[in-house]
Each structure stands twice: as C-alpha cells, then as structure tokens.
Number of protein chains: 2
Amino acid sequence: MTATGDWIDNLPDVGGELERSSTAERVADLLRGHIIDGVLAPGARLSEERIGKKFRVSRNTLREAFRLLGHERLLVHEFNRGVFVAKPDAADVVDLFRVRRTVELGAVRAGGDAPPEAVAAIGAAVEQGERARERGDWEGIGTANMAFHRAVGGLVGSPRIDEMMRQILAELRLVFHVMAAPREFYEPYLDRNRAIYELMAAGAFDTAAEELAGYFDIAERQLLDAFTGLARRD
Amino acid sequence: MTATGDWIDNLPDVGGELERSSTAERVADLLRGHIIDGVLAPGARLSEERIGKKFRVSRNTLREAFRLLGHERLLVHEFNRGVFVAKPDAADVVDLFRVRRTVELGAVRAGGDAPPEAVAAIGAAVEQGERARERGDWEGIGTANMAFHRAVGGLVGSPRIDEMMRQILAELRLVFHVMAAPREFYEPYLDRNRAIYELMAAGAFDTAAEELAGYFDIAERQLLDAFTGLARRD
DNA sequence: ACCACTTTGATTGTTGAACAATACTTCAAT
DNA sequence: ATTGAAGTATTGTTCAACAATCAAAGTGGT
C-alpha cells in the first residue's frame, strides 16, 4: 500500500452536487413540488404570513422564493395584491405548444448529432410508460410522458434547453390542473411515443419529427377544446 | 348622445401597461443594463452593502433583485460568498449556440406561418444595421445585429420565445465583454443578414435557414478561437 | 522559507419588528 | 343599486440584530 498516491484524482467530479443551498431555494423547491402536484390549486393566493408561519421562514426569505417561482411562471406576482399560483388560459396553451414545436421539433430534426445515450434515454421513458400502463398506473403514465418529452429536449445536449423544457413541462402540468384533465389523457399517446422512438432509433429523425408534429396538433386541439368547454361554463 | 352605453367595452385592453413595478424589479432593470453595457465587468463581485448604499435600497430588496438576475444567468450566486457578474466560458458559448440553432433555425423554418409584420421587422433590423454602418457607428451595428436575431425569434409569435431570445442575447453580450471583442466584429455579417432577410421575404424559408446555419458555424468558430486564445494567456 | 493552526475581520444568511402604502371590507347615506 | 367614507388586513420596504461562513493576517514550530 505504498500507493500511487493519485487515487484522489480518480474520484468522480462532484460538480455542484453537494452545494449547500439557501433557505429560499429549498422553500422554492417545496412550493414548486406542491404546485406541480396540484396541492396548491391554480389561482390560489399565497399569503406571506401564513406560508411563512407554515414553513418557519421569515417573510423576506419567502419573498426571495416567490421571485424564483415567479420567474418560472409558476407564480404570478400582482403588485400590492400578492402572489398567486399561475392559472394558464387558452392563450398560454397556444403559446406553450408554439414553444414545444420550436424546441422539440428542432431537437428531433437535429437528433442525428446526438449521442446514442440521449436516444436511449427516450426509449427508457417509453418503456417506463408501458410498464405503468401494465400496472394501470395513470399517474405513472403521465410522469413517463413528461420524461419522454424531457428526453426529447435532451437530444440537443444543452443545459439551457434542459432547463427550458423543465419549465415548459411544469407549466403544462398546471394546465392539466386548471382543466382537471382525465387521468387517462396520456394513455392514447403511449403507442405514438413508441413509434416516434423507434423511428429515431432507426435514424429516421425527420420522419420522427413529422410524427411528433402530428402529436402536437392533436394534443393541442384536445386541450383547447377542453378550455372552450370551461369558458362556456363561466 | 343618449348613448348605446357599451362604448366602454370597445376600449382597448390596457393589459399590464400601467403596472406599477416593485423596487426590486427596477433595481434588477438597472443592474441588467449595467451588466449588458459592460459597466459591471464579468466576474465582478456585487457587494450587498455597497450596491445597497449606492441605490438606496435595503439589503433585502437588493437580494430579491439578485434572485431575478441570477435566474437570467447574468449573475451567479455562490453561497456564503456573494453574487458575481457571470463570466461565460467556452462551454457556455457552445451551449448558447446550441440553443440558438434550435430556436432560431426552428423559427425560420416555420417562418411561412408567421405574419408579414414579423418578417418586416427583420427587414427593419437589417436596414437599421446598414444605416449604422454608413455612420461608422460600430456600437449601432452590434445593437442592430441583436435586433435582427430578436426579430428572427419573433417569427414564432410567442412571448415565451421572445423572452428566451432576450435572455440568450443578453448572455451573448456578456461573452463579448469577457473576450473584449473588437467593435467591428459584427460588420462582416451585415450583408449576410440582408441575404437571409431577402430569402425570407421571398418565401424561401428553408434556404434562409441554411444560410443562418452557416452564420452560426462561422460566428461560433470565431468566438471559440478567441476564447482559446484567452485560455493560453492564463 | 514552509507548513499547520488560530485569530481576527468582513460579508453573507436569516430573522423579527416596524412603518408606510395599498387593497379589501363594511356600512352608512343618498 | 351606487357612491363615499371609515376601518382592517396585507403587501412593500427598511432597519437592526445575530449566527454562520469565508478570507486574510498572524503565530509558532521546523
């Protein structure tokens, strides 16, 4: 054991993994989770005093967390009135799908340059969804579908794109909470996802993009119909 | 004038135009401007106490502003050490161009669906740049080039994409400050911008996209070379 | 000169209280 | 029903305090 002495150099880089985080960030993470899971309904008002008491943090720290989530469009800040859980409307759905068409279709079309692992990650998401279907786990199917699209964005291999996708998909979760989408919503898309993945695995990225575009058209139409249904009831 | 009574319904929506803004947002705007203009050099540390004194705002308010700009990647927040003006490196340049290829090329390829005004805005940016060249106004050429690419992103017609482009281009300004780019950097691209615009005006969006892709390749290469030059001097 | 260790000083992280400014509610008056 | 005028609750912002952490200067032994 006289040792080469440089075993320490072979340790994996930890990057920012063990970065201590501020209270504001932890609070933001918590709130984000609650919003995505629907614990905090869209449109709900977040009282600084009550949430501060609940989480045992000061108002100042809480406000920092609010700024973070406001920038992610999960909260809307109305001056002198407070912060509310965002409540996306039909226009937001249209916009979200414009973004998705731009980013995801671009990612797929340039998929030929992506490393094999990136494509494999998409396949993993497909299988994750299929396993969830076998269990009858509708929640799991939805999660797997999100993972599928996050993996599609991952084809670009860009941290910034990854971050954008995370945000966009989080907003999309909010859309579902607004219109109380049926839990089976994603089920029909499982087979389509597999088809898209198979095309990519075979190197037919352009065809895959066309398939994906078709999915966007149908899904957007379906969501918008649900929204106009809601509008009529107001 | 017994009146129909519902003229008020015909009033244009004011949207958020007369939204009052918080101090934190105004401070963030100020700092953002200083960062983009290079008044605050990349890597510079922003002391809470000194900046707070300078702007006459409390530390708490200042920290809210810092959170905003941190989320825009213009500031980096190191726990217990402070906030610094972001200092993009070569990896950031690569990533920024990945994003630009995804977003801008996607925008151009789908340009056929964009309204004529959106295309016209691109032409306006081209002419703005050419006028700046006639004046020998290098600063103006750079600004016009930014406007050009912002207008390209505008083809999508999505507020979220517009916001992304604003952020990406702001980061790109930081890249220029890091490597002290020559003021004539953008000049050679003026003619290429016009060519790309003419193609789009003629409806040849796919060809325009190919041209734009060529621009990205050259510009990225040029920036990366400048960076490796810097690295050698360290 | 060089290494480990402590001490000191400065800065950030977070809290709690305070006050002004604004919004919401209630209720009276027309 | 609409308007106006309190009164109350909430947000916007500041300030002061203290703990936690980092950076730098010293300290001593070799």
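Residue numbering restarts at 1 for every chain, and letters A, B, ... go by the order of the sequence lines. Reckoned from all heavy atoms, side chains included, excluding hydrogens, waters and symmetry mates.
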*Heavy-atom pair with the smallest gap, counting every atom of A65(A) and A24(A)*: CB-O, 3.4 Å

*Just checking R56(B): base, sugar-phosphate only, or nothing, at a heavy-atom cut-off of under 4.0 Å?*
sugar-phosphate

*Classify the ring geometry between F176(B) and F185(B) as parallel (under 30°), tilted (30 to 60°) or perpendicular (over 60°).*
perpendicular

*Please work out which of the three classes, parallel, tilted or perpendicular, describes the rings of F216(B) and F97(B), given edges at 30° and 60°.*
perpendicular

*Indicate whether OP1 or OP2 belonging to dG13(C) is found under 4.0 Å from a side-chain N or O atom of R63(B).*
yes

_With a 4.0 Å cutoff (strictly under), does any side-chain N or O of H77(B) reach OP1 or OP2 of dG13(C)?_
yes

_Distance (rounded to the nearest 0.5 Å) between E104(B) CD and M165(B) CE_ = 4.0 Å

*Basic-acidic side-chain contact under 4.0 Å: D162(A), R166(A)*: no

Value in whole Å for how far the [atom2] atom of [N] lies from [atom1] of [X]:
X: R59(B); N: dG13(C); atom1: CZ; atom2: P; result: 8 Å
X: E64(A); N: dT15(C); atom1: CD; atom2: P; result: 10 Å
X: L62(A); N: dG13(C); atom1: CG; atom2: P; result: 17 Å

*Earliest and latest nucleotide of DNA chain D, 5' to 3', sitting under 4.0 Å from a non-hydrogen atom of chain A?*
dT10(D) to dC22(D)

*Do Y189(A) and H149(A) have ring centres separated by under 6.0 Å?*
no

_Show, in sequence, the C-alpha distance, side-chain angles and deciding distance for R67(A) and S22(B), and conclude whether the side chain to side chain donor-acceptor pair (under 3.5 Å) test is met._
CA-CA 11 Å; R67(A) 293 287 182 190; S22(B) 69; 3.1 Å; yes

*Name of the residue among R73(A), Q167(A), M164(A) meeting side-chain contact (heavy atoms from CB on, under 4.5 Å) with R160(B)*: R73(A)

Between N or O atoms, less than 3.5 Å apart, protein on one side and nucleotides 8-11 of chain C on the other: list the pairs.
from, atom 1, to, atom 2, distance (Å)
dT11(C), O3', R45(B), NH2, 2.4

